[in-house]
Visitor: 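I have a structure I would like to understand better, so I am pasting it below and will then ask my questions one at a time.
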Amino acid sequence: MAQKPSIPKGTRDFLPVEMLNREYIFDTIKSIFRKYGFLPIETPAMENLSTLLGKYGEEGDKLLFKILNSGDFLAKADEKLLAEKNSIKITNQISEKGLRYDLTVPFARYVVQHRNDLVFPFKRYQIQPVWRADRPQKGRYREFFQCDVDVIGSNSLLNEFELIQIIDEVFNVLKINTVIKLNNRKILSGIAEIIGHADKIIDITVAIDKLDKIGLENVNKELLANGLPQEAINQLQPVIGLKGSNDEKITQLKKVLKDSEVGLKGIDEIETVLEYLKTSDVKAEIELDLTLARGLNYYTGAIIEVKAKDVQIGSICGGGRYDDLTGIFGLKDVSGVGVSFGADRIYDVLVQTNGFPETAMNSTQVFFVNFGKREELYCLSIIEKLRSRGVKTEIYPEPTKMKKQMNYANKKQIPFVVLAGENEIENQKVTLKNMETGEQKTIGVDELLNFDL
RNA sequence: GUGGAUGUAGCUCAGUUGGUUAGAGCACUGGAUUGUGGUUCCAGGGGUCGUGGGUUCAAGUCCCAUCUUCCACCCCA
């Protein structure tokens, strides 16, 4: 008995219809990236674990897929560690490779390794799958595609602005209503500094991030539980509950952060970006959102996140600035900024909003019924001519029953069928049938070639 | 990693307080129709009831374990 086939948890197969729709998303994104001067690169699915570990925080390390070494890996492992059953320590000995967790860290590695071959500021895009050993749920997969755009080797805030323009353009073309949320890590650092707990910055941002979900009271409870004194929590209140327009928020923040150099720098950065935006025709709603922390701990400046307004699915695009990601690989003082589009979530959004254009579906335009050897030969030269004119054409590979062939054409939603049997060959003609209306007429071969399909 | 729900044909699901040979729709194959699809009618193939154990005279149905999928938490695209 054959075993039932299946695929690993959190992974998916894609049908042709789904692939056409996915490619529509990739093509849209790609063409916009190109328009802004970004060029494609690729990196391997697996990286050395030393490249990946420690870059995504403790939580991230747990979510890395690790690849067992080849050969008799256990024979080389330390007997004592094996006996201890210490999974983390033993992993170092039996696994040296892992699947990439995102595209940003491999990109940093790539930049350091190829620094002499690249033109800086280097603008690249990269569309490849990444893997996370997370528990799958709605909009969350273990294998999914990211579409990254990054500029590395430039501190200019013009880059942040251009990325927002790209985001706006992508979602306008895809017809997805979005809110683009902005924040700046320096502002968060400033806040932590002001209340005298710069070391607690991660705890503070994680807790603030939950404001919408668990409410102010629980946020404060969590902060207290994380060892933040009541006094500092009190100081935080005006920041957590910040309201109003972006300008109003900034005015208030300036007061709170007046003694923090980093904090003011962060505000200045955000003001500059907002200024650029005011002169542009970016359509999406831009919201300064201090609760936006993002887990990745390598961000140092701008933080960007995009949410779909009409569909509840988490963020569909996110990113930020990282000042020293290449530093860990030995290249100092190279700042980069980039965002990542979550193609799979964007797909899910478009499914719900019915946002795929019909043209994404188009496949074969003309189908030739196969009547047998002699008829095949007659058709093949016509097919060649049609294809050379760019018409998507196919012939059924076997002379089976007509019902079966017509059925095939019908299921593939092919709009035109050509029938060429004995009668047609004798008169050097073909019969062209419109599958939608059912009409058919016998015409000359030249007329078919020039037919407006 | 924690908690909850779920699993019956390729797909969507029905299956009574445990009781004979587990059903339907869609899909598939053949026929009505040997050069005409999408409609209709007829016939047919397809099931270790997720997997492994247990209770029972008897388990798709009850119990335990395990896996899958989904949902929430953690975290995130």
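Predicted model only: the values in this text are computed from it and were never measured. Quick note on labels: first sequence line is chain A, next is B, and so on, each numbered from 1. Basis for what follows: all heavy atoms, side chains included, without hydrogens, waters or symmetry-related copies.
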Visitor: May I have the distance from Met402(A) (atom CE) to G35(B) (atom C1'), rounded to whole angstrom?
Guide: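 About 5 Å, once rounded to whole Å.
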Visitor: Is any N or O donor-acceptor pair between the side chain of Arg135(A) and the base of U2(B) shorter than 3.5 Å?
Guide: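 For Arg135(A), whose side chain was compared with the base of U2(B), there is a donor-acceptor pair (under 3.5 Å).
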Visitor: Parallel under 30°, tilted from 30 to 60°, perpendicular over 60°: which one fits the rings of Tyr408(A) and Phe367(A)?
Guide: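 Correct class here is tilted.
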Visitor: Assert yes or no for the condition that the ring centre distance of Phe26(A) to Phe145(A) is strictly below 6.0 Å.
Guide: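 Between Phe26(A) and Phe145(A), the centre distance is under 6.0 Å.
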Visitor: Taking atom types as modelled, find out whether Asn172(A) and Asp168(A) have a side-chain donor-acceptor pair closer than 3.5 angstrom.
Guide: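 Their side chains do contain a donor-acceptor pair, which is all the 3.5 Å distance test asks for.
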Visitor: Indicate, with a heavy-atom threshold strictly under 4.0 Å, whether Tyr141(A) touches base, sugar-phosphate, or nothing.
Guide: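 Base, at least one base heavy atom under 4.0 Å.
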Visitor: Looking across every strand, which nucleic acid part, if any, lies under 4.0 Å from Leu419(A) by heavy atom: base, sugar-phosphate, or nothing?
Guide: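 Base contact - Leu419(A) has a heavy atom under 4.0 Å of at least one base atom.
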Visitor: Go through RNA chain B and write down every stem, that is, every run of at least three consecutive Watson-Crick or G-U wobble pairs with distances under 3.5 Å, as range with range.
Guide: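 If one scans RNA chain B for consecutive Watson-Crick or G-U pairs, the stems found are B:1-5 with B:69-73, B:10-13 with B:23-26, B:28-32 with B:40-44, B:50-54 with B:62-66.
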Visitor: Think Lys403(A) has a side-chain N or O under 4.0 angstrom from the OP1 or OP2 of G37(B)?
Guide: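 No, Lys403(A) has no side-chain N/O under 4.0 Å of OP1/OP2 on G37(B).
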Visitor: Could you state the atom-to-atom distance from CD of Gln128(A) to P of A77(B) in whole Å?
Guide: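 Distance check: Gln128(A) CD to A77(B) P gives 17 Å.
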Visitor: Given that Ser340(A) and Lys9(A) both sit by RNA chain B, which one's nearest nucleotide is further toward the 5' end?
Guide: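 The 5'-side residue here is Lys9(A).
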Visitor: OP1, OP2 of U36(B) versus side-chain N and O of Gln440(A): anything below 4.0 Å?
Guide: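 No, no such contact exists.
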Visitor: Is the Phe371(A)-Tyr378(A) ring centre distance short of 6.0 angstrom?
Guide: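 No - the distance between ring centres of Phe371(A) and Tyr378(A) does not fall below the 6.0 Å cut-off.
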Visitor: Determine whether the aromatic ring centres of Phe33(A) and Phe341(A) lie less than 6.0 Å apart.
Guide: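 Distance test on ring centres: under 6.0 Å, yes.
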Visitor: What integer distance in Å separates Arg22(A):CZ from A77(B):P?
Guide: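 Interatomic distance, CZ of Arg22(A) to P of A77(B): 17 Å.
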Visitor: Could you check which of C76(B), G35(B), C75(B) has an atom nearest any side-chain atom of Asp134(A)?
Guide: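 Comparing C76(B), G35(B), C75(B) against the side chain of Asp134(A), the answer is C75(B).
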Visitor: Near RNA chain B, counting only heavy atoms under 4.0 Å, which residues of residues 40-50 of chain A show up?
Guide: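 Here the set is empty: none.
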Visitor: Across the strands shown, which category fits Lys401(A) at heavy-atom distances under 4.0 angstrom: base, sugar-phosphate, nothing?
Guide: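 Sugar-phosphate contact only - Lys401(A) comes under 4.0 Å of backbone atoms but never of a base.
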Visitor: Which residues pass the salt bridge (Lys or Arg N to Asp or Glu O under 4.0 Å) test with Lys123(A), not counting sequence neighbours?
Guide: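 With neighbours one apart ignored, the set is Glu162(A).
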Visitor: Round to a whole Å and report the spacing from OH of Tyr56(A) to P of C75(B).
Guide: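 Atom OH in Tyr56(A) sits about 18 Å away from atom P in C75(B).
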Visitor: Between Ile7(A) (CD1) and G50(B) (P), how many Å, whole number?
Guide: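 My rounded result for the distance is 20 Å.
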Visitor: For a quick test of reading the model: is some side-chain N or O of Lys433(A) closer than 4.0 Å to OP1 or OP2 of G38(B)?
Guide: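 So the side chain of Lys433(A) is outside the cut-off, no N or O lying under 4.0 Å from OP1 or OP2 of G38(B).
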Visitor: Using the C1' atoms only, state how far C13(B) lies from A27(B), rounded to an integer number of Å.
Guide: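 Approximately 14 Å lies between the C1' atom of A27(B) and that of C13(B).
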Visitor: Which part of the nucleic acid, if any, lies within contact of Gln146(A), taking any heavy atom under 4.0 Å across all strands shown: a base, the sugar-phosphate backbone alone, or nothing?
Guide: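 Here Gln146(A) touches the backbone only, sparing every base.
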Visitor: Rounded off to whole Å, could you give me the CG-to-C1' distance for the Asp13(A) and C11(B) pair?
Guide: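 Computing the Asp13(A):CG to C11(B):C1' distance gives 15 Å.
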Visitor: For the residue pair Tyr110(A) and Phe122(A), categorise the inter-ring angle as parallel (less than 30°), tilted (30 to 60°) or perpendicular (more than 60°).
Guide: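 Because their plane-to-plane angle is under 30°, the rings of Tyr110(A) and Phe122(A) count as parallel.
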Visitor: For the base of G38(B), is there a side-chain donor-acceptor partner from Asn410(A) under 3.5 Å away?
Guide: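 Side chain to base: no pair present.
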Visitor: Distance only, no hydrogens: is a donor on one side chain within 3.5 Å (strictly under) of an acceptor on the other, for Thr43(A) and Gln126(A)?
Guide: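 Checked: Thr43(A)/Gln126(A) side chains pair up, N/O donor to acceptor below 3.5 Å.
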Visitor: For Glu439(A) and Val306(A), find the nucleotide of RNA chain B closest to each by heavy atoms; which residue's nucleotide sits nearer the 5' end?
Guide: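 Looking at RNA chain B, the more 5' nearest nucleotide goes with Glu439(A).
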Visitor: May I ask you to decide if the ring planes of Tyr276(A) and Phe161(A) are parallel, tilted or perpendicular, using 30° and 60° as cut-offs?
Guide: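 It falls in the parallel class, under 30°.
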Visitor: Determine, answering yes or no, if Phe341(A) is stacked on A77(B) under the 5.5 Å centre rule and the 30° plane rule.
Guide: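 So no, this residue does not stack on that base, at least one cut-off failing.
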Visitor: Regarding Gln405(A), tell me which of base, sugar-phosphate or nothing describes its non-hydrogen contacts under 4.0 Å with the strands shown.
Guide: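 Gln405(A): no heavy atom of the nucleic acid under 4.0 Å.
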Visitor: Does the side chain of Asp148(A) come under 3.5 Å of the side chain of Thr104(A) through a donor N or O and an acceptor N or O?
Guide: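 Checked: Asp148(A)/Thr104(A) side chains pair up, N/O donor to acceptor below 3.5 Å.
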Visitor: How would you label the contact of Gly139(A) with the nucleic acid (heavy atoms, under 4.0 Å): base, sugar-phosphate, or nothing?
Guide: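 Base: the residue Gly139(A), judged by heavy atoms under 4.0 Å, touches a nucleobase.
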Visitor: Could one point to a donor on the side chain of Arg132(A) or the base of C75(B) with an acceptor on the other under 3.5 Å away?
Guide: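 No such pair is found, so the answer is no.
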Visitor: Within 45° of the six-membered ring axis of Phe107(A) and under 6.0 Å from that ring's centre, is NZ or CZ of Arg124(A) located there?
Guide: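 Judged by the rule, Arg124(A) and Phe107(A) form a cation-pi pair.
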Visitor: Provide, to the nearest angstrom, the distance between the CG atom belonging to Asn407(A) and the C1' atom belonging to U33(B).
Guide: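 Those two atoms, CG and C1', are 14 Å apart.
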Visitor: Nearest whole Å is fine: how far is C70(B) P from Arg140(A) CZ?
Guide: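 Between P of C70(B) and CZ of Arg140(A): 12 Å.
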Visitor: With a non-hydrogen cut-off below 4.0 angstrom, is Gly10(A) in contact with a base, only sugar-phosphate, or nothing?
Guide: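 Sugar-phosphate, no base atom in range.
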